[in-house]
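Take a look at the structure below.
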2 protein chains.
Amino acid sequence: MSIEHAILGLLSLSPLSGYDIKKMFEGSAALYWSGNNNQIYKTLVKLHEQDLVTRETQIQDSSPAKKVYSISEKGLEELRRWVSSAPEVPQVRNSFLIQLAWADSLSADELDNLLERYENELRMQLSMLDFQRQQRNISPSGTARDAYINVQAARTPRETFLWNMILENWSSYYQAELDWVCKLRAEARQF
Amino acid sequence: MSIEHAILGLLSLSPLSGYDIKKMFEGSAALYWSGNNNQIYKTLVKLHEQDLVTRETQIQDSSPAKKVYSISEKGLEELRRWVSSAPEVPQVRNSFLIQLAWADSLSADELDNLLERYENELRMQLSMLDFQRQQRNISPSGTARDAYINVQAARTPRETFLWNMILENWSSYYQAELDWVCKLRAEARQF
DNA sequence: CCCATCATGTAAGGCGTTACATGATTAC
DNA sequence: GTAATCATGTAACGCCTTACATGATGGG
């Protein structure tokens with residue numbers, strides 16, 4: 001559930017600053033938090049207090065000083081513990097389905113318009129996901145920023161496999177949703 | 001997004017008390033809020049203040065008095081407006097995928113065990129959903145409590161169709177997730 | 001000159017959950 | 001007598017978001 005473990009996971013690949021982590025959250029659909037400062041910086045302070053991470057301040061010329069966090073041995077243990085803890089079922093919040101439940105008050109044209117807009121939204125999400133996916137497979141690996149995002153940065157063949165399956169899970173979800181709405185649209189014309 | 005519109009939708013079918021609404025939230029996966037008192041009673045007060053609903057206190061013998069809310073003309077307008085407003089893409093919060101991203105630290109057996117537990121969770125969700133589905137199609141319609149939940153309470157053929165498509169959306173999601181994890185489990189054994 | 005990027009943080013507020021509080025009736 | 005159901009509400013807290021605040025550098 002918690003953002004702590006997501007951050008510990010990122011830090012298990014390489015040391016990162018709060019700013020780095022923020023960028024990663026923003027760029028990844030799987031890390032579903034919005035990449036807001038408040039939670040990230042507070043969580044880092046909390047993790048540091050619990051000795052799950054270590055902190056080092058790096059002074060740079062020509063850009064502001066940054067605090068670089070690394071995962072500690074204790075942090076790695078906590079991450080391992082969490083990874084094998086009981087999985088939860090996904091929480092899906094699909095407000096569109098609630099909209100649709102009361103959509104019988106719309107005319108045929110209005111309903112089709114609503115379905116079309118949902119279809120377009122889904123297509124946009126899918127193409128964004130494909131774009132991210134390509135970037136990950138092409139871009140030269142290495143920098144801290146790419147850590148989570150780049151499949152080629154995986155440390156073992158099994159990790160590559162797992163990361164690809166995660167990406168597949170996302171795109172197949174959007175694809176299934178798209179198929180569903182297309183079918184719905186086609187059949188709704190009969191009424 | 002908001003719980004206000006979900007409640008307005010329920011009230012568009014029939015007048016309901018806060019308690020009725022609470023039960024409906026608890027029994028429905030589509031209404032993804034947890035059916036907690038705090039939000040429901042506060043939202044009803046808010047809706048009443050905005051004249052989107054009317055309130056009537058019914059004194060009953062052999063059970064406590066209840067406040068029955070009905071949707072107003074203004075409420076119906078607001079519901080119609082919201083129903084045709086821009087749809088949002090679903091928000092999926094799948095913490096299991098984040099767990100899996102760092103699961104390469106587990107042994108083959110531990111990983112398989114984790115996947116198995118996720119598979120079992122999904123199977124349980126699916127059978128709960130099927131159970132609800134059967135109840136809806138069999139149970140005699142009519143009472144306020146069944147309003148949202150009972151497909152047979154739909155007012156038009158098109159509404160029946162929409163409600164069935166909503167149910168199909170949910171079960172096909174869990175089914176796809178189950179297929180995915182089975183495939184993952186089979187292929188993970190190669191490592 | 002203005003805007004984007006790098007970099008860290010705070011403030012305010014809404015959303016959502018669990019737990020608490022009360023009190024009557026009905027079923028086992 | 002103990003638990004569940006009906007029925008309404010409050011308190012405390014955590015999660016999460018938007019917006020605000022600061023300040024340097026580099027590009028168009």
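All chains are named by letter (A, B, ...) in the order of the sequence lines, taking the proteins before the strands, and each is independently numbered beginning at 1. Source: prediction; values computed, not measured.
The shortest distance between the side-chain N/O atoms of B:N36 and the OP1/OP2 oxygens of C:dG16 is not below 4.0 Å. Put simply, B:S34 has a side-chain N or O that comes within less than 4.0 Å of OP1 or OP2 on C:dT17. Not one side-chain nitrogen or oxygen of A:S17 sits closer than 4.0 Å to the OP1 or OP2 atom of C:dA7. Not one side-chain nitrogen or oxygen of B:N37 sits closer than 4.0 Å to the OP1 or OP2 atom of D:dG9. For C:dG9, the OP1/OP2 oxygens have a side-chain nitrogen or oxygen of A:K67 closer than 4.0 Å. Distances shorter than 4.0 Å separate none of the side-chain N or O atoms of B:Y41 from OP1 or OP2 on D:dG9. In this structure, B:Y19 does not reach the D:dT8 phosphate: none of its side-chain N or O atoms is under 4.0 Å from OP1 or OP2. Residue B:Q39 places none of its side-chain N or O atoms closer than 4.0 Å to OP1 or OP2 of C:dC15.
Rounding to whole angstrom units, CD of residue A:Q91 and P of C:dC15 are separated by 17 Å. Look at CD1 on A:I40: it is 14 Å from P on C:dA7, rounded to the nearest Å. Taking atom CD1 of A:I7 as the reference point, atom P of D:dC15 lies 12 Å away to the nearest angstrom. Residue B:R93 contributes atom CZ, which lies 11 Å from atom P of C:dT17 at whole-angstrom precision. Here C:dG9 presents its C1' atom at 15 Å from CD1 of A:I21, a figure rounded to the nearest Å. Summarising the geometry, the separation between CZ on B:F25 and C1' on C:dT17 is reported as 14 Å, rounded to the nearest angstrom. To the nearest angstrom, P of C:dG14 lies 12 Å from CD of B:E4. Straight-line distance from the CD1 atom of B:I3 to the P atom of C:dC15: 10 Å, rounded to whole Å.
Under 3.5 Å, the side chain of A:N38 and the base of D:dT17 form at least one donor-acceptor pair of N or O atoms.
For A:A65 and A:K42, each mapped to the nucleotide of DNA chain C holding its nearest heavy atom, the one lying further toward the 5' end belongs to A:A65.
Ion pairing of B:R80 with A:E110 is absent here, as no side-chain N (NZ or NE/NH1/NH2) approaches a carboxylate O to less than 4.0 Å. One finds no salt bridge joining A:E78 and A:K74 here, because no Lys/Arg side-chain nitrogen approaches an Asp/Glu carboxylate oxygen to under 4.0 Å. The residues A:R93 and B:E88 are annotated as not salt-bridged, no charged nitrogen and carboxylate oxygen being separated by less than 4.0 angstrom.
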**Message:** Determine whether B:Y32 and B:F25 satisfy the following criterion, ring pair (Phe, Tyr, Trp, His ring centres under 6.0 Å), listing intermediate values before the conclusion.
**Reply:** CA-CA 7 Å; B:Y32 44 71; B:F25 274 87; 8.9 Å; no
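Here the CG atom belonging to A:D112 is positioned 11.0 Å from the CZ atom belonging to A:R117, to the nearest 0.5 angstrom.
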